[in-house]
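Bear in mind the structure is a predicted one, so any value in this text is a computation, not a measurement.
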Amino acid sequence: MSTEILIKGGSIIDPGTRSNSKADIAIKNGLIERIEPNININPSAKVVDANNLIVCPGFVDLHCHLREPGEEHKETIKTGSEAAAAGGFTTVCAMPNTVPTTDNRAVVDYIKSRAELESKIEILVIGAVTKGSLGKELSEMGELAEAGVIAFSDDGNPVYDANIMRQALEYSSDIGLPIINHCEVPELANGASMNESWVSNILGLKGMPKSAEEVMVARDISLAKLTDGHVHIAHISSSGTLDLIRQGKEMGINVTCEVTPHHLTLTDEAILGRGSKIHSDFSIDETAYDTRAKVNPPLRQMQDTLNLVEGLKDGTIDIIATDHAPHSAVDKICTFNEAAFGISVLETAFGSLMSLVHNEQIELGILIEKLTSAPAKLLNMDLGSVSIGSPANLTIFDPNKEWTVNAETFKSKGKNTPLDSLLMKGQIAKTIYGGKVIFEQQT
Ligand SMILES: [Zn+2]
């Protein structure tokens, strides 16, 4: 067999070995065969020109919603995987809040068979902690683990009952898989649609205090200590949560966490809409509550975003995950209170995160690590490196390429993004999975 693909002239970032060098990459039979400067071109090889581009491992997303089975009008495994490939992702983990809930082997098998047929990338399945994700009765966690789930979560809902959470952590520590919790105390969230702040005050919308997240994070860290289980806190949004996790880690408790691109780069002021003007007396013109910025947990405040970036750098935050949550137009074109929570993230994640690099808030190498080797490590998977013999799952990007978000052109069925029509700097050029080019930027 001849070499199938030759990537010429790229700068390689390998967070696995923390190396950063310019070399060619030869791919054969889906694996990386050689990494050397100036590999001679085999006439039968497909040559990918990566001059002035960066090559890194394919991104790994621990948290996305693919909506299949049951809500195929919002997304399917096919469209979700195409969106992921366009965003530079080669492995994504599907959350179990499907219809029916992914709380038994049959649904896991169904998703895997659909992924086999329809997906361009690797799709891993997360099983529900409780039956129907209703929080009342544990799912058959052993059966789900046998069926191949890589974690458990009731995401969308918190695991409300502390004793159920305790039992889940006990089982999961036996099984060796994490419990991912969406931390939200319902009595404190109390039906609110956004963060509790001056913005909610002037909009007259009910706010969700940060304590709604922090109280449950504190509980879960305590339960992880009690059980020796691994709790992974989903989509952390506040400075207070960050402090709690930092303390938990310092105490040696098995707690990890993720942050989304939007909680790192946007604040609750995005809800005001870009046409709005705020006056010094706190009155506003052209109020247009932007339902596309309605997400759970809600977007917080500037100091939270700055602290979360620091948390990424100092290792308190383990990974970046998208919480890609596609919705149909009718779910968002309505009043703010009625609108669904969630942002379609896969195709803007990299562009928006690159703003942190261009603003010199974070180094590119750390950003790539949090999207690749760090989630791979959390999943105990042999992914997230550019090394000889490893699977040729690679993302090639231009860190300086400017482009404008156009949600209408998304591969995802979910066009719900507050970033629509904004300028980004940093773009995915090509995505390679299993040695095949599965996405090529058309410019
Ligand atoms: Zn969630």
Side-chain angles (χ1 to χ4, degrees), residues 182-185 188-190 192-218 220-221 233-250 255-274 276-282 284 289-290 292-323 336 341 343 345 348-349 352-363 366-367 370 418-419 422:
H182 164 125
C183 288
E184 178 186 338
V185 175
L188 287 169
N190 195 15
S193 322
M194 66 170 294
N195 180 46
E196 183 177 294
S197 70
W198 65 269
V199 183
S200 64
N201 287 343
I202 60 169
L203 291 178
L205 290 170
K206 190 170 166 44
M208 199 184 294
K210 295 169 195 175
S211 297
E213 174 173 302
E214 293 157 7
V215 167
M216 197 173 281
V217 170
D220 285 355
I221 292 172
I233 311 295
H235 43 49
I236 76 166
S237 69
S238 84
S239 305
T241 293
L242 192 65
D243 291 340
L244 289 164
I245 291 170
R246 192 175 283 130
Q247 282 169 21
K249 287 190 165 186
E250 280 167 6
V255 55
T256 55
C257 70
E258 70 195 29
V259 65
T260 69
H262 39 283
H263 289 107
L264 289 166
T265 56
L266 295 173
T267 68
D268 56 5
E269 291 171 52
I271 291 162
L272 293 168
R274 294 198 290 273
S276 307
K277 265 205 188 79
I278 310 165
H279 300 291
S280 52
D281 63 356
F282 283 115
I284 7 177
Y289 304 175
D290 192 344
R292 296 170 306 176
K294 180 175 171 181
V295 64
N296 195 9
L299 300 173
R300 303 291 188 185
Q301 289 163 296
M302 184 58 79
Q303 196 56 51
D304 296 294
T305 65
L306 296 173
N307 290 346
L308 290 171
V309 173
E310 288 308 308
L312 269 180
K313 289 198 278 196
D314 71 19
T316 306
I317 302 178
D318 299 85
I319 63 169
I320 297 170
T322 68
D323 192 12
F336 199 84
F341 288 104
I343 299 176
V345 181
T348 56
S352 64
L353 290 166
M354 281 300 288
S355 68
L356 301 173
V357 175
H358 292 300
N359 293 340
E360 298 185 351
Q361 287 177 268
I362 195 164
E363 283 171 37
I366 297 178
L367 180 67
K370 299 290 178 182
L419 303 178
L422 289 188

Fill in: salt bridge (Lys or Arg N to Asp or Glu O under 4.0 Å) between Lys313 and Glu310, intermediate numbers included
CA-CA 5 Å; Lys313 289 198 278 196; Glu310 288 308 308; 3.3 Å; yes
Item to complete: Identify the two heavy atoms, one from Asp304 and one from Ser238, that lie closest to each other, and give their separation to 0.1 Å.
Response: OD1-CA, 3.6 Å
Practice prompt. Could you check Leu308, Thr316, Leu244 and say which one makes a side chain to side chain contact (heavy atoms under 4.5 Å, CB included) with Ile236?
Written response: Leu308
Practice prompt. Would you give the length of the straight line joining atom OG of Ser193 to atom CG of Leu205, rounded to the nearest 0.5 angstrom?
Written response: 6.0 Å
Worksheet, complete the sentence: For Cys257 and Ile317 the tightest heavy-atom approach is SG-CA, 3.6 Å
Worksheet item: For the residue pair Ala189 and Glu184, what are the closest heavy atoms and their distance?
Response: CB-OE2, 3.2 Å
Item to complete: Assess whether side-chain contact (heavy atoms from CB on, under 4.5 Å) is satisfied between Ile245 and Ile221, documenting all intermediate values.
Response: CA-CA 8 Å; Ile245 291 170; Ile221 292 172; 4.2 Å; yes
Discussion item. Go through it in stages, so that I can follow the logic: the residues are Leu306 and Gln361, the test is side-chain contact (heavy atoms from CB on, under 4.5 Å), and I'd like the CA-CA distance, side-chain angles, deciding distance and then a yes or no.
Written reply: CA-CA 9 Å; Leu306 296 173; Gln361 287 177 268; 3.7 Å; yes
Item to complete: State whether a side-chain donor-acceptor pair under 3.5 Å links Asp323 with Thr260.
Response: no
Worksheet entry | Val217 vs Val255, side-chain contact (heavy atoms from CB on, under 4.5 Å): CA-CA, chis, key distance, verdict | CA-CA 10 Å; Val217 170; Val255 55; over 6 Å; no
Fill in: Criterion side-chain contact (heavy atoms from CB on, under 4.5 Å) on Thr267 and Gln301, from CA distance to verdict
CA-CA 5 Å; Thr267 68; Gln301 289 163 296; 5.5 Å; no
Fill in: Flag, side chain of Asp290 to backbone of Arg292, donor-acceptor distance under 3.5 Å
yes
Worksheet, complete the sentence: Heavy atoms of Gly207 and Pro209 approach each other most closely as O-CD, 3.8 Å
Worksheet item: Can you name the nearest heavy-atom pair linking Asp318 to Lys370, along with the distance?
Response: O-CD, 3.2 Å
Response to the item:
Closest non-hydrogen atoms of Val345 and Pro261, given as atom of the first, atom of the second and distance, are CG1-CG, 4.0 Å
